[in-house]
Amino acid sequence: MKRLAAWTHVLIGLSLAVLLLFFAEQYRAGNSPNEPMLPVVFEHGDHTETACTNCHHDYLDNSGSGLCYTCHKQSPEIAADMQAMFHDFCFDCHVSKRQDDDAGPQRECSGCHN
Amino acid sequence: MSSSKDIKEQVLPFCATFCLSVLAPILVVSVWPVPSAINLGWDWANLLGYLCLAICGFLFIYRSRARTFPAFSSRFFANLHRELGFIALGLLLAHVGILLLVEPLLLEYLNPTAPFHMLAGLMAFILMIMLATLSIPPIRRRMLSNYHVFRHLHAVLAVSVFILIAVHILGSGFYLNAGWKIGLLSAAGIGLLIYYSLDRKAPDRSMPRLNHSSGYSSYVSYGCTTLTVLVCLTLALVKQFL
């Protein structure tokens, strides 16, 4: 009886967590931020070792033109993941470079947004 | 048993077990490959978040009953469970508070359109406040007159909080810069829930109990937690110079 009760707690607890995450994800996917994104400071001079097309991929794949935000914020397919996408993109490079030498900001928001 | 003998033979080993158990995940994420430091406030706050998870995990091990340490009374474990539960909530508040203090832009993550792992953290935070509020006896008696209903609800919410915190930590990926760290922590979390689900032997009631053992719970909860918080601060400080 006790074993059944404990297993039930785990199963219901797990289901509740999954359900909450599912609804949160549904809400998040359907509601891209309406407010303007935080301004980002990007110094081209600090990134001369990085290939231009790493960021400006539209030069290669003809996926659009203009500001990054034009597509990344307004396209419903990618807008919900915009924040995570840009963060991962910058973090990956900064974190991997940090292992050897000093790189740009990794986690401090105010390092890029100000 | 005399008081000094009690402390030497029973309380200190229990304190050592507690400290090592809750510091284990922090030591795992701090060793090779050593993750790079951000700043003192940021690193300390995140280590306090890990400490909160570890204490939540520890709370599953004995479920407020004397089992593995029969020399302590049931009242000792009940007191310890209550004190550690509120300390875990305090650590969660410290984790959020310090991070917002050193990085106010993190307020953006309280938005419902924040990344998935941040929403998991936010929901864990809300559920943990519910969990703690419902555990306060006058509120519990007012809202849930049946104690068994409270116990089941408490257990279910606790499992959910533990899973949501785990999702938050794995999604944030702070200090999880090696596959073995992610694997070990995930296996420990799953193992802990399985252990919780298993039947365990009843306490050995023939063993002599410590006199006034319930009073020792504060040694473990407040004393040991203060020690582990200071260890986290020291580790965060050391990281700045690595």
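Only heavy atoms go into these numbers, but all of them, side chains included; no hydrogens, no water, no symmetry mates. Letters A, B, ... mirror the listed sequences (proteins, then strands); counts begin at 1.
Interatomic distance, L20(A) CG to L127(B) CG, rounded to the nearest 0.5 Å: 6.0 Å. The distance from atom CD1 of I194(B) to atom CH2 of W7(A), rounded to the nearest 0.5 Å, is 5.5 Å. Separation of atoms CG (L21(A)) and CE (M123(B)) is listed at 4.5 Å; rounding is to 0.5 Å. One finds the NE2 atom of H9(A) at 10.5 Å from the NE2 atom of H154(B) (value rounded to the nearest 0.5 Å).
Contact detail for Y196(B) and V10(A): the closest heavy-atom pair is CD2-CG2, 3.5 Å. S197(B) approaches A6(A) most closely through the heavy-atom pair CA-CB, 3.7 Å. Here the closest non-hydrogen pair linking L16(A) and V156(B) is CD2-CG1, 4.4 Å. In plain terms, the two heavy atoms of A17(A) and I163(B) that are nearest each other are CB-CG2, 3.9 Å.
Within the 4.5 angstrom heavy-atom criterion, only side-chain atoms of V167(B), from C-beta onward, approach chain A.
At most 12 non-hydrogen atoms from other residues, nucleotides or ligands lie less than 6.0 angstrom from CE of M143(B).
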